[in-house]
Amino acid sequence: MKNQEIAKILYDMADRFAMDGVAFKPYAYRKAADVLIYEEDIENIYERGGLKELESMPGIGKHIALKIEEYLKTGKIKQYELLKKETPVDLEELTKVEGVGPMTVKTLYQELKVKNIKDLKRAAERHKIAPLFGFGEKTEQAILEGIGFLDKTQGRVSVAIAFVEANRIIDYLKTMPEVENISIAGSLRRMKETVGDIDILVSSKNPKKVMEYFVKIPEVQKVWGQGTTKTSVRMKGGYNVDLRVVPKTSFGSALQYFTGSKEHNINLRKIAIAKGLKLNEYGVFKGNKKIAGETEESIYSALDLNWIPPELREGAIKPKPKNLIDYNDIKGDLHCHTTWSGGSGSIEEMAQKAMSLNYLYIGIADHTKYLRIENGLDEKRLKEQRKEIDLLNKKLKIHILQGCEANILADGSIDIKDSALKELDFVIAGIHSHFKLSKDKMTRRLVKAMKNPNVDIISHPTGRIIGKRAEYDIDFDKILVVAKETKTVLEINAHPARLDLNDININKAVKAGVKMIINTDAHQKENMDLMNLGIAQARRGFATKSDIVNTLDLTTYFQ
DNA sequence: GCCGTTTTCGGCCCGACTGTTTTCAGTCG
């Protein structure tokens, strides 16, 4: 899957053009990259119809199509190599520093030979930056702080943490009579898997007072921007919060605007222009007359669109599919660990928790014997566990299914005998070792596991750990084909460190007609509350209720 | 570099903020 690789290059090229002050090309390259990310496998598109087919994609014309072709054929883009040679700087890394953009990088390279963050830090510490034309003490200080922030958090916060923190701040602000409406905005509202900062939007008649109250939150470490409509603070937890306050009449338009994504906003504005209207954060305007603004729905409606859920607002404007999976559609969680293996809750405790979530069923899927460190179950202990589950099923008003999370060994075989797997209500199989096999071996390994008739679900199919471990090298398109053939269900693991499948792969599975299941992989009962994160990713991938099997009463689904 | 139910040329989303300035460039969302 070369889409992401090429998109990354196009983004970098865009920044390099911007750095050289080239007009409009950056815009074109970024747009092409945006399209690529959410497109089907670019190699398939190219194989199907060559250059012509590439050019038929929106935002991709003759020249970028040629560059894509060049990359597919040679693994390189000459012009990109040239650009990198011309200005050998790590643009991607440097522009992660708050306040540093392509133009700044260019100047710092020319004047001080700054190539990467390490150089930048040294230059700032030695006070080489402040004397430069157009720079100053404050800029130099801001750069140092920006680097410190990056070091601490790698610039991104998990959606899980951000969500909890944002709601805490909202609860705090809600106690003010001056706060009329309040909402999460930004990438957090879109439920991106990680967010750069937390955006909160308020409507009030007294913005000044709201801002003053906001900066007094005990967790605030530093206030670093206090305007009339916006205040930015750094929290002690190492993340930033932006609070914006607008009048009530603009709350909807501001919410739409500050929720983004940027591409979504650009596309909406173009629709507005085509209708002879103007859209900004204050409303939709016909000439000088404001025709919408108080609610988000009114904005979309003024543009003749149905309201679009925030999770669907990446890239091009796409309407909400019928039966998009919803947050209350899930009927059970099939990937729960207990004290039988690595978990910290008993089967009964986990089942009680599932009941409190109004689930119809819960699946116990403890680790199996290959994972000694997790006290994985062997065939004999699986039988013993069955007895306990049978007893609890008589006692509790919820259906407990017995499964396991078996290990897919390096050769694709399962670490539990088929005769024992057959006795279980369902079987999850996952990769927990030998992560570095070649693409071919890894793909064959997964395919073999999926072809085992006892295997129902593949857990965390790509194996990534956000910010720590890359995906395994697999041919995901091949996996989808085999999953469809064998009716194997792919897991959307809702744990915030995994979120695997991610939104993009979920969308591919939807298009391929492969069924998925959203599980929390809970190792303690509190983890079962993380289901919403998985649902959010499923929504971002445009999954409908029928794509997700645990929206069904599936006590018999896998038997 | 891309695009076109008014255009194959002339546009390309829009506004706020910051720090540096002396009227503005760069960055951000």
Side-chain angles (χ1 to χ4, degrees), chain A residues 10 13-19 21-35 54-68 79 94-108 129-143 145-146 155 185-190 192 195-201 207 224-232 240-246 250 253-285 303 313 317:
Chain A
L10 294 179
M13 287 180 83
D15 277 346
R16 284 171 193 277
F17 289 131
M19 181 168 75
V22 178
F24 303 114
K25 260 200 213 185
Y27 177 85
Y29 274 72
R30 280 187 201 118
K31 199 183 162 208
D34 290 340
V35 169
L54 293 178
E55 278 183 57
S56 72
M57 294 159 68
I60 294 179
K62 194 174 154 196
H63 291 87
I64 293 183
L66 276 168
K67 291 189 175 70
I68 294 174
Q79 193 188 0
L94 284 167
T95 51
K96 273 186 193 156
V97 179
E98 182 88 35
V100 176
M103 297 294 205
T104 306
V105 171
K106 179 83 170 181
T107 308
L108 292 176
I129 294 176
L132 297 179
F133 184 79
F135 292 75
E137 285 296 331
K138 283 195 171 175
T139 309
E140 189 171 81
Q141 209 48 42
I143 286 174
E145 281 175 25
S187 53
L188 181 55
R189 185 159 177 251
R190 302 199 311 277
K192 251 184 106 107
V195 302
D197 59 15
I198 294 172
D199 290 296
I200 293 174
L201 181 72
W224 63 337
Q226 199 164 4
T228 50
T229 63
K230 174 183 162 180
T231 294
S232 304
N240 295 336
V241 182
D242 281 354
L243 174 73
R244 295 164 201 269
V245 188
V246 298
S250 297
S253 45
L255 183 57
Q256 190 288 308
Y257 174 75
F258 291 120
T259 297
S261 68
K262 195 177 163 188
E263 295 75 37
H264 185 82
N265 289 355
I266 290 172
N267 289 323
L268 276 191
R269 283 183 177 172
K270 284 182 180 168
I271 292 174
I273 291 168
K275 293 182 182 297
L277 304 170
K278 188 173 83 164
L279 168 65
N280 59 27
E281 56 262 55
Y282 302 109
V284 179
F285 297 87
L303 305 177
R313 299 187 197 169
I317 308 270

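To find a chain, count down the sequence lines: A is the first, B the second, and so on, and within it residues start at 1.
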*Asks:* Give me the distance, rounded to whole Å, that separates B/dG15 from B/dG10 when you measure between the P atoms they each carry.
*Replies:* 25 Å
*Asks:* State which residue, out of A/Lys67, A/His63, A/Arg16, fulfils the side-chain hydrogen bond (donor to acceptor under 3.5 Å, both in side chains) condition with A/Gln79.
*Replies:*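 Exactly one pass, corresponding to A/Lys67.
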*Asks:* Take atom P in B/dC2 and the same atom in B/dT6, then report the distance between them in whole Å.
*Replies:*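 Those two atoms are separated by 24 Å.
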*Asks:* Under 4.0 Å, counting only non-hydrogen atoms across every strand here, what does A/Gly260 touch: a base, just sugar-phosphate, or nothing?
*Replies:* nothing
*Asks:* With rounding to whole Å, what would you report as the distance between B/dC12 and B/dT8 at their C1' atoms?
*Replies:* 16 Å
*Asks:* Just checking A/Phe258: base, sugar-phosphate only, or nothing, at a heavy-atom cut-off of under 4.0 Å?
*Replies:*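 Contact class for A/Phe258: none.
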*Asks:* Give one of base, sugar-phosphate or nothing for A/Met19, where a contact means two heavy atoms less than 4.0 Å apart.
*Replies:* nothing
*Asks:* For A/Lys31, which contact category applies under a 4.0 Å heavy-atom criterion: base, sugar-phosphate, or nothing?
*Replies:*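 Since no nucleic acid heavy atom lies under 4.0 Å of A/Lys31, the category is nothing.
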*Asks:* State the syn/anti category of B/dT6 according to its glycosidic angle, syn meaning within 90° of 0.
*Replies:* anti
*Asks:* Quick one: look up who B/dC17 pairs with, Watson-Crick or G-U, both distances under 3.5 Å, and put none if it's unpaired.
*Replies:*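 Base partner found: B/dG26.
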*Asks:* What is the nucleic acid contact for A/Ile266, judged by heavy atoms within less than 4.0 Å: base, sugar-phosphate only, or nothing?
*Replies:* base
*Asks:* Quick one: label A/Val97 by what it contacts on the DNA or RNA (base, sugar-phosphate, nothing), any heavy atom closer than 4.0 Å.
*Replies:*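 Sugar-phosphate only.
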*Asks:* Where does the chain A footprint on DNA chain B start and end, counting 5' to 3' with a 4.0 Å heavy-atom cut-off?
*Replies:*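 The contact span of chain A on DNA chain B goes from B/dG1 to B/dG29.
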*Asks:* Would you call A/Lys230 and A/Asp242 a salt bridge, taking side-chain N to carboxylate O under 4.0 Å as the test?
*Replies:* yes
*Asks:* Taking the P atom of each, how far is B/dG11 from B/dT7, in whole Å?
*Replies:*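 Pairwise P distance, B/dG11 against B/dT7, rounds to 15 Å.
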*Asks:* Applying a 4.0 Å non-hydrogen cut-off, can you work out what A/Pro26 is touching in the nucleic acid: base, sugar-phosphate, or nothing?
*Replies:* nothing
*Asks:* Identify, between A/Lys96 and A/Lys270, the residue whose nearest nucleotide on DNA chain B lies closer to the 5' end.
*Replies:*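 The answer here is A/Lys270.
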*Asks:* If we take the P atom in both B/dC9 and B/dT18, what is their distance in whole Å?
*Replies:* 44 Å
*Asks:* Would you measure the distance from the C1' atom in B/dT27 across to the matching atom in B/dC13 and give it in whole Å?
*Replies:* 16 Å
*Asks:* Reading DNA chain B from 5' onward, which residue's closest nucleotide shows up sooner: A/Lys67 or A/Asn265?
*Replies:* A/Lys67
*Asks:* Any base atoms under 4.0 Å from A/Thr104, or only sugar-phosphate, or nothing? Heavy atoms, all strands.
*Replies:*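 Contact class for A/Thr104: sugar-phosphate only.
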*Asks:* NA contact type, A/Lys262, heavy-atom cut-off 4.0 Å: base, sugar-phosphate, or nothing?
*Replies:*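 Base: the residue A/Lys262, judged by heavy atoms under 4.0 Å, touches a nucleobase.
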*Asks:* Hey, does the side chain of A/Ser187 reach the backbone of A/Arg190 with a donor-acceptor pair shorter than 3.5 angstrom?
*Replies:*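 No.
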*Asks:* For nucleotides B/dG1 and B/dT5, find the distance between their C1' atoms and express it as a whole number of Å.
*Replies:* 24 Å
*Asks:* Scan for salt bridge (Lys or Arg N to Asp or Glu O under 4.0 Å) pairs involving residues 271-280 of chain A, sequence neighbours excluded, and state none if there are none.
*Replies:* A/Lys275-A/Asp304
*Asks:* Look at all strands and tell whether A/Phe135 reaches a base, only sugar-phosphate, or nothing, counting heavy atoms closer than 4.0 Å.
*Replies:* sugar-phosphate
*Asks:* Under 3.5 Å, which donor-acceptor pairs link side chains of residues 98-106 of chain A to any protein atom two or more places apart or in another chain?
*Replies:*
| residue | atom | partner | partner atom | Å |
| --- | --- | --- | --- | --- |
| A/Lys106 | NZ | A/Asp20 | OD1 | 2.7 |

*Asks:* Does A/Ile273 reach a base, just sugar-phosphate, or nothing at all? Heavy atoms under 4.0 Å.
*Replies:*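 Contact class for A/Ile273: sugar-phosphate only.
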*Asks:* Does A/Glu281 use its side chain to pair, donor to acceptor, with the backbone of A/Tyr257 at less than 3.5 Å?
*Replies:*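 A pair under 3.5 Å: no.
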*Asks:* With no hydrogens and no angle check, do the side chains of A/Thr229 and A/Arg244 hold a donor and an acceptor under 3.5 Å apart?
*Replies:* no
*Asks:* Determine yes or no for a side-chain-to-main-chain donor-acceptor pair under 3.5 angstrom, with A/Arg313 supplying the side chain and A/Thr259 the backbone.
*Replies:*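 Flag not set: sc A/Arg313 to bb A/Thr259 has no pair under 3.5 Å.
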